[in-house]
Amino acid sequence: MDVKTNGDISFWYADIGGIPQKRPPLPGDREADVCIIGAGYTGLWTAYYLKKADPSLNIVVLEREFAGFGASGRNGGWLSGGFSWSREKYEKTSSRSAVVDLQNAMAGTVDEVERVTKAEGIDADLIRVDKLVVATNAAQLERVREEYRFGLDWQIPPERLQLLSAEDAAKRIRIADLKGAVLYRNMARVQPAKLVRGLAKVVESLGVSICEGTTVTRFEQGRVTTDRGTVRAPKIIRATEGFSAGLPGFERTWLALNSAQIVTEPVPDALWKEIGWEGHELLGDAAHAYCYAQRTREGRITMGGRGVPYRYGSATDVNGQTQQATIDALHGILTRLLPQTKALKIDHAWCGVLGVPRDWCTTAGFDRTTGIGWAGGYVGLGVSSSNLAGRTLCDLVLDRKTELTGLPWVNRTVRKWEPEPFRWLGVHSMYQLYRMADDREFSGLSRTSKLAALADSITGH
């Protein structure tokens, strides 16, 4: 499938006029109260809430490229407040009620992000929508039903969760071979780059220094060393998500998992009438190698998925450029779910990385002894989770004991990933097994393929 633009960070930047000009770098050695490494959602939300809580704080944010260069400017725009990590793993180190509290706190991020964007005048194309997870074969329908039962068992309010028949689901989006769906309410769609750039502007207006084009080479208690100078600060926050492996000592902390997207040309009104999608729902499917999609502000369709899932040594892409095979695979998913789109051109393709801890469960924390904190490993749910991380890190840095600092993801320790080549072999084996499992289920297997369970067991997913 031909594509007009491959890379250039993401379509989201093309949508707002192109890649932004970098802010000035760190001008040399300086001191600060708080130094934040990384100007994505996590770093910027942390700076925002800290500055709101204590305007006198001297905060410096260091960014190798520009604010929103990473996943914050490339993601699928799902402000979902979702919770796809293993509740059982969190429960082992806390309690069931504590996990429900964490789940509810994550869900509350949708309201909070909407509140801040309105209060601060950030235009992020945010609209409230539902999320539709569709099943297109018998095995997927089994998983959708189980997902619904599982959600109710974990106290997701019934008014936020609904099991839909194929007929009811098709009234929303006319998916081919639709068997049913599960519907999540109270979510939102955003334009990722507009959100992160708007947030950076607000943070800067509050007096936070954002130093771009500044590469952190190492950091330790009270000191962050860069190629432009040294920042001395008693509090340091690592907010580098999928790029964490590039920091010395963090090569195996979080795996840099790849994700890619394509976006169509604007969809004609006549074709929208064939497709439906009038509610602008977030769209995903119940395949093992799942996808994620949205209907954009100007009437395009974005479709995302794994593509080539992992680069050796947690290497990252070059300015978002992805492989032709990935573009073709994503176009195949789009036209399988929505064959009405076969004649549409693909205007842009891009990719990025997201952080994955060894147990696939996100964490936030702060070491009072060293004054170093962190948050991330969102496994693809960073648009909403990063907001909760920013509020939590704010409380931790200010040494405030709150409901947020008592949630079970705080200061949770996770073992490191295996060294290469075992990491590469494990991740690629997992996704190859997922693809094989999907193939078997699309070929008529009426239950979830055992290959998927084998895939999960390889990496602890």
Side-chain angles (χ1 to χ4, degrees), residues 1 76 84 131-150 163-184 257-262 264 274-277 281-294 301-310 322-344 346 349 380 427-459 461:
M1 182 68 191
S84 64
K131 181 178 79 171
L132 195 66
V133 179
V134 300
T136 58
N137 60 47
Q140 289 185 15
L141 182 59
E142 178 186 80
R143 289 197 292 279
V144 159
R145 289 169 173 167
E146 176 56 30
E147 182 175 337
Y148 171 74
R149 291 190 293 267
F150 184 81
L163 190 64
L164 299 183
S165 66
E167 181 181 3
D168 287 337
K171 290 177 182 177
R172 289 175 172 263
I173 308 175
R174 297 184 188 94
I175 301 292
D177 301 317
L178 188 57
K179 300 292 187 286
V182 62
L183 182 76
Y184 293 85
L257 197 65
N258 191 56
S259 196
Q261 291 180 76
I262 57 173
T264 68
E274 293 182 34
I275 295 170
W277 215 339
E281 293 88 351
L282 306 176
L283 172 64
D285 72 353
H288 300 293
Y290 71 95
C291 68
Y292 53 94
Q294 69 149 277
I301 299 172
T302 65
M303 177 60 70
R306 281 290 168 261
V308 175
Y310 176 71
T322 192
Q323 303 88 349
Q324 184 62 46
T326 296
I327 297 170
D328 293 340
L330 291 174
H331 184 252
I333 294 171
L334 173 64
T335 55
R336 173 175 58 80
L337 293 174
L338 295 167
Q340 308 95 317
T341 65
K342 283 183 178 179
L344 289 176
I346 302 301
V427 175
H428 278 264
S429 296
M430 179 181 72
Y431 277 99
Q432 181 59 34
L433 287 167
Y434 281 159
R435 285 189 285 269
M436 292 169 63
D438 283 332
D439 288 343
R440 290 191 178 189
E441 292 171 9
F442 280 119
S443 297
L445 184 64
S446 60
R447 64 185 185 282
T448 295
S449 170
K450 292 181 180 179
L451 292 176
L454 176 59
D456 289 338
S457 68
I458 289 174
T459 62
H461 186 208

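Values below: all heavy atoms of this structure, side chains included; hydrogens, waters and symmetry mates excluded.
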> Starting at CG of D328, measure out to CD of Q323 and round the result to the nearest 0.5 Å.
11.0 Å
> What distance do M430 atom CE and I458 atom CD1 have between them, rounded to the nearest 0.5 Å?
8.5 Å
> Give the C-alpha distance, both sets of side-chain angles, the deciding distance and a yes or no for side-chain contact (heavy atoms from CB on, under 4.5 Å) between F442 and Q140.
CA-CA 9 Å; F442 280 119; Q140 289 185 15; 3.5 Å; yes
> If we ignore hydrogens and angles and just use 3.5 Å, is the side chain of Q324 paired with the main-chain N or O of M1 as donor and acceptor?
yes
> Can you name the closest pair of heavy atoms from A437 and A452 and give their distance?
CB-N, 4.0 Å
> Check salt bridge (charged side-chain N to carboxylate O under 4.0 Å, His left out) between K450 and all other residues, then give those that pass, not counting sequence neighbours.
none
> Which residues pass the side chain to side chain donor-acceptor pair (under 3.5 Å) test with R172, sequence neighbours left out?
D130, E281
> Does Y184 reach the side chain of L282, with side-chain heavy atoms less than 4.5 Å apart?
no
> Would you find more than 12 non-hydrogen atoms of other residues, nucleotides or ligands less than 6.0 Å from R336 atom CZ?
yes
> Does any part of the side chain of I173, heavy atoms only, come nearer than 4.5 Å to the side chain of L338, both counted from C-beta?
yes
> Using modelled atom types and a 3.5 Å cut-off, is there a donor and acceptor pairing between side-chain atoms of S259 and backbone atoms of G305?
yes
> If we only count heavy atoms from C-beta on, is the K171 to D168 side-chain gap below 4.5 Å?
yes
> Would you find a donor on one side and an acceptor on the other, under 3.5 Å apart, between the side chain of D177 and the backbone of T136?
no
> For Q432, what residues pass the side chain to side chain donor-acceptor pair (under 3.5 Å) criterion, not counting sequence neighbours?
R435
> Answer yes or no: is there a side-chain heavy-atom contact under 4.5 Å between T341 and M303?
no
> Does any non-hydrogen side-chain atom of H288 lie less than 4.5 Å from one of L433?
no
> Determine the minimum heavy-atom distance between V427 and Y310, stating which atoms define it.
CG1-CB, 3.6 Å
> List the atom of V144, the atom of A135, and the distance in Å for their closest heavy-atom pair.
CG2-CB, 3.9 Å
> Considering all heavy atoms of both residues, which atom of Y292 and which atom of A260 are nearest to each other, and what is their separation?
OH-O, 3.5 Å
> Side-chain contact, heavy-atom cut-off 4.5 Å: L330 with T322?
no
> Looking only at heavy atoms, what is the nearest atom pair of L257 and P309, with distance?
CD1-O, 3.2 Å
> I want to check something: taking the side chain as every heavy atom from C-beta on, are K179 and V134 in contact at a cut-off of under 4.5 Å?
no
> Between Y431 and Y434, how do the two ring planes meet: parallel, tilted or perpendicular, split at 30° and 60°?
perpendicular
> Does V182 form a side-chain contact (heavy atoms from CB on, under 4.5 Å) with L164? I'd like the steps, not just the answer.
CA-CA 6 Å; V182 62; L164 299 183; over 6 Å; no
> Among all residues two or more places apart in sequence or in another chain, which pass the salt bridge (charged side-chain N to carboxylate O under 4.0 Å, His left out) test with D439?
none
> SG/C291 to CG/L283 distance, rounded to the nearest 0.5 angstrom?
6.0 Å
> Quick one, I301 and L334 - any side-chain contact, counting heavy atoms below 4.5 Å?
yes
> Keeping to residues at least two apart or across chains, list the salt bridge (Lys or Arg N to Asp or Glu O under 4.0 Å) pairs with something in residues 135-150.
R143-E441, E146-R149
> Looking at residues at least two apart in the chain, or sitting in another chain, which of them share a salt bridge (charged side-chain N to carboxylate O under 4.0 Å, His left out) with D438?
none
> Say you draw a straight line from CD of Q340 to CD1 of I175; how long is it, rounded to the nearest 0.5 Å?
7.5 Å
